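Reading through the structure tokens given below for one structure.
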Amino acid sequence: MAMASSSRNGGTRGGSMRPTNSGANPSNLRSSSFKSRIPSSAPAPRRSSSASLGGGGAGDNGVPGRVRVAVRLRPRNADECVADADFADCVELQAEVKRLKLRKNNWDTETYEFDEVLTESASQKRVYQVVAKPVVESVLEGYNGTVMAYGQTGTGKTFTLGRLGDEDTAARGIMVRSMEDIISGTSLDTDSISVSYLQLYMETIQDLLDPSNDNIAIVEDPKTGDVSLPGATHVEIRNQQNFLELLHLGETHRVAANTKLNTESSRSHAILMVHVKRSVVEHEDSVSNDNDNSSHFVRPSKPLIRRSKLVLVDLAGSERVHKSGSEGHMLEEAKSINLSLSALGKCINAIAENSPHVPLRDSKLTRLLRDSFGGTARTSLIVTIGPSPRHRGETTSTILFGQRAMKVENMLKIKEEFDYKSLSKKLEVQLDKVIAENERQLKAFDDDVERINQQAQNRILEVEKSFAEALEKEKLKCQMEYMESVKKLEEKLISNQRENGRRNGEVNGVVTTGELAKLKESLEEEIKLRKAAEEEVSKLKSQSTLKTRSGEGEDAGISRLQKLLEDEALQKKKLEEEVTILRSQLVQLTFEADQMRRCLDRGAPGNSYSDTDSLPSRHSQARESVNGQKAPFATLCEQVGLQKILQLLESDDANIRIHAVKVVANLAAEEANQEKIVEAGGLGSLLMLLRSYEDETVRRVAAGAIANLAMNEVSQQLIVDQGGISLLSLTAADAEDPQTLRMVAGAIANLCGNDKLQARLWSDGGIKALLGMVRCGHPDVLAQVARGIANFAKCESRATTQGVKSGRSLLIEDGALPWIVQHANDEAAPIRRHIELALCHLAQHEVNAKEMISGGALWELVRISKECSREDIRSLAHRTLSSSPVFRSEIRRLGIHF
């Protein structure tokens with residue numbers, strides 16, 4: 001929309017939009033002089049900290065940003081159309097090239113360049129987009145920003161900056177459009193916007209939102225130099241309508257007067273301050289370890305608050321008293337306005353000329369704007385001019401003010417601070433969730449305890465009932481047996497009496513002495529039997545009485561009996577564990593004593609590691625029989641039971657756990673026991689020990705047991721499926737003990753010999769773990785590493801020959817080649833033999849040839865083909881070199897004979 005020459009808030013004074021008057025014929029003019037000091041494309045010279053209007057230099061993290069200046073031409077008003085009808089406009093705009101020509105007279109012009117040149121037909125929307133929108137976007141990003149209008153009275157500063165557009169929305173000024181973008185670019189939930197509306201009148205800062213607050217003090221931070229107005233009213237903005245109401249309120253309190261140049265001339269500088277607080281989350285960069293394909297770890301995000309400020313300044317117009325007709329109090333107002341504008345111009349001149357002193361304290365206006373020129377804010381200045389040749393002097397002064405402002409460069413900085421309140425609130429919410437979850441778990445635990453107690457009570461009642469029933473049945477049974485015994489004895493007694501009477505009746509008086517003696521003996525025997533029967537009846541009665549009494553006390557002793565039974569069970573379990581441990585210790589000591597005796601018999605020192613190419617000989621010797629009998633650990637397994645030994649791996653006693661894992665490791669050394677251990681869950685228990693315990697002895701022996709199990713193909717697959725490679729890799733990275741590293745290296749080396757596990761072994765980090773263990777430098781460890789590399793290279797060579805695999809070796813991918821070449825001629829025979837085999841297998845694949853040549857492996861292959869002590873390796877190296885075109889070509893080029 002075209003800009004009319006307006007009153008305070010855009011009231012039209014008269015006049016219409018028309019194209020620029022070209023004035024005299026250009027052919028009658030002399031060639032113009034070019035006075036643009038700062039080209040639009042070149043950056044202005046950077047201000048030093050001592051000369052900046054902001055009082056402080058840019059920090060190391062500042063972003064340079066020159067003050068951008070736009071010029072806007074007001075169309076002629078009604079008075080100018082009449083008075084200047086015979087005269088051309090004093091300015092000519094060339095918007096396409098962003099130039100302005102100022103006519104000094106009919107034959108001489110001066111040309112100036114600006115960042116933007118806005119003609120009288122430029123709409124309010126375009127003015128906002130080229131002047132203020134970049135500043136508003138910077139404010140939303142966290143930078144401070146300033147938009148200021150400067151010019152002669154009546155040239156349209158208030159129209160450009162403060163027009164509300166109640167009747168026509170297209171006429172809205174920069175203030176209204178800026179707030180629209182700020183509200184749309186923020187969130188009401190996490191961000192906040194507050195506004196202060198002030199005027200600087202007669203060197204006094206007054207609050208337009210609270211007229212009673214008419215003398216606000218300026219406070220400066222002695223450390224940072226930041227300027228603040230703690231006494232100003234701050235109103236939080238929730239929507240655009242709320243903001244428009246505040247602008248209406250402020251405009252009613254602003255001082256204005258009627259002069260010859262403007263029917264409603266602003267007599268004060270209006271300053272609208274918009275404070276924006278935004279919550280942002282800063283994400284840290286991911287950090288990775290030294291390995292290229294390792295997983296990344298991301299640090300947690302930090303909640304931050306960015307505070308920025310947008311300052312919109314509608315300066316009062318500069319005027320000459322004889323033209324404005326000011327007198328009396330208006331004359332004093334004009335003097336104050338001109339003095340403050342003069343002070344602002346002096347400060348900008350000092351900054352533009354790199355003066356060591358900037359007169360900041362000459363005016364409150366310069367103190368308020370210290371951050372806008374040479375400070376940390378992004379600043380846009382729009383200078384407004386009129387076309388009338390009668391005001392050529394004021395127009396020239398305005399243009400030169402804008403040219404000097406273009407030389408000022410600011411260093412933009414974001415003001416961030418850690419959002420402790422947001423983080424505290426977030427932690428409180430998390431804490432409440434944890435407390436609620438803990439209460440739920442506690443309630444569930446109490447319910448489980450109650451349920452278990454109820455079940456125990458019911459079980460006790462059932463046991464008591466069954467025990468009472470059994471006791472009653474036993475009591476009845478005893479009573480029945482007693483009655484039966486008494487009945488039988490009475491019947492026997494009667495039968496004996498009858499037999500005796502019958503015999504006495506049959507005696508006819510003729511009884512020999514012998515028969516009488518026999519009868520006496522028989523009678524005495526019957527008497528003894530009767531006495532025995534009576535004693536037995538008495539005994540049964542007493543026993544029945546005792547059982548009856550004991551039955552009455554059974555109910556009271558049930559709880560004590562159950563407790564005694566539980567104690568007996570616990571004691572029995574402990575005794576069984578102790579017996580098992582004592583047996584295992586006895587077998588271990590017997591085995592070690594037998595080892596020492598054999599060593600002494602041979603006259604050799606008691607070293608149990610006779611061959612570095614395999615796991616400890618102690619394990620291999622455990623497979624043999626001692627004196628024709630079974631191995632002691634096999635005997636122990638039969639006596640105690642494998643399941644019982646595996647259960648001891650989970651014992652709370654550290655000593656029991658250590659002895660148990662030693663026994664399992666020795667059992668795993670026997671091929672016949674490996675499948676049984678795996679079926680009984682021993683592999684999972686060993687992996688659990690490797691994962692959970694930091695005791696070096698437990699980890700070493702567990703790794704040795706896993707290495708023994710890894711000799712079985714079925715066990716190898718289970719180790720991989722249960723994450724054994726990752727656990728072995730972690731153990732290899734943490735352990736420092738050479739024997740532990742040897743066990744881990746031996747386990748991985750055994751896995752390397754399985755063709756089906758190549759890809760999984762590489763992806764889970766097994767090869768890198770193997771190479772990482774060379775840091776130990778122990779010969780036994782290096783021998784196991786070399787064996788694993790040889791096994792892996794052999795499987796790769798076989799897969800390549802069968803067409804299963806293509807591409808270069810995974811060993812080369814993981815950087816194993818330099819170490820292989822370095823140890824190809826190692827002094828230790830086992831290391832050298834394995835490395836020589838690995839080189840031969842790697843060389844069989846043509847894709848590896850070029851990297852092996854560049855890595856120096858060709859010379860080692862030639863040496864192996866000539867000097868290797870083993871005929872099979874020497875022949876393999878010779879065949880490999882002869883069959884490879886790449887190797888043959890390089891050998892011919894180097895002139896090597898082999």
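Remember, it's a predicted structure, so these values are computed and weren't measured experimentally.
For the side-chain contact (heavy atoms from CB on, under 4.5 Å) test with H269, the passing option among L368, D314, L341 is L341; the others fail.
A heavy-atom distance below 4.5 Å is found between the side chains of R177 and Y128. Residues D371 and T376 have side chains in contact (heavy-atom distance under 4.5 Å, counting atoms from C-beta outward). Annotation: side chain of T398 is not in contact with side chain of T384 (no heavy-atom distance under 4.5 Å). Contact annotation: the side chain of Q403 approaches that of M406 to within less than 4.5 Å [non-hydrogen atoms, C-beta and beyond]. Side-chain contact between I237 and I182: absent, with no pair of heavy atoms (C-beta onward) separated by less than 4.5 Å. Taking the side chain as every heavy atom from C-beta outward, M148 and L369 approach each other to under 4.5 Å. When side chains are defined from C-beta on, E110 does not count as touching I399, because their heavy atoms never get closer than 4.5 Å.
With 3.5 Å as the limit, one finds a donor-acceptor pair spanning the side chains of T379 and N410. Looking only at atom types and distance, the side chain of T204 has no donor-acceptor partner in the side chain of N215 under 3.5 Å away.
Scanning all heavy atoms of the two residues, the minimum distance from S268 to Q199 falls at OG-OE1, 2.8 Å. The two residues T366 and C347 come nearest to each other via the heavy atoms CG2-SG, 3.7 Å. What you find for G173 and Q124 is that their closest heavy atoms are CA-NE2, 3.8 Å.
Distance check: M273 CE to N144 CG gives 10.5 Å after rounding to the nearest 0.5 Å. Between the CG atom in L381 and the OG atom in S372 there is a gap of 10.5 Å [rounded to 0.5 Å]. Taken from CD in Q206 to CG in D214, the straight-line distance is 5.5 Å, to the nearest 0.5 Å. Between R103 atom CZ and C90 atom SG the span is 8.5 Å, to the nearest 0.5 Å.
Using a 30° and 60° split on the angle between ring planes, Y150 and F401 fall in the parallel class, below 30°.
For E220 and R361, the salt-bridge test passes: some basic side-chain N is under 4.0 Å from an acidic carboxylate O. Using a 4.0 Å cut-off between charged nitrogen and carboxylate oxygen, D226 and K415 count as a salt-bridge pair. Between R66 and D115 there is a salt bridge, with a side-chain nitrogen of the basic residue lying less than 4.0 Å from a carboxylate oxygen of the acidic one. Salt-bridge check for K98 with E116: passed, with a basic side-chain N closer than 4.0 Å to an acidic carboxylate O. Ion pairing of D191 with R278 is present here, as a side-chain N (NZ or NE/NH1/NH2) and a carboxylate O approach within less than 4.0 Å.
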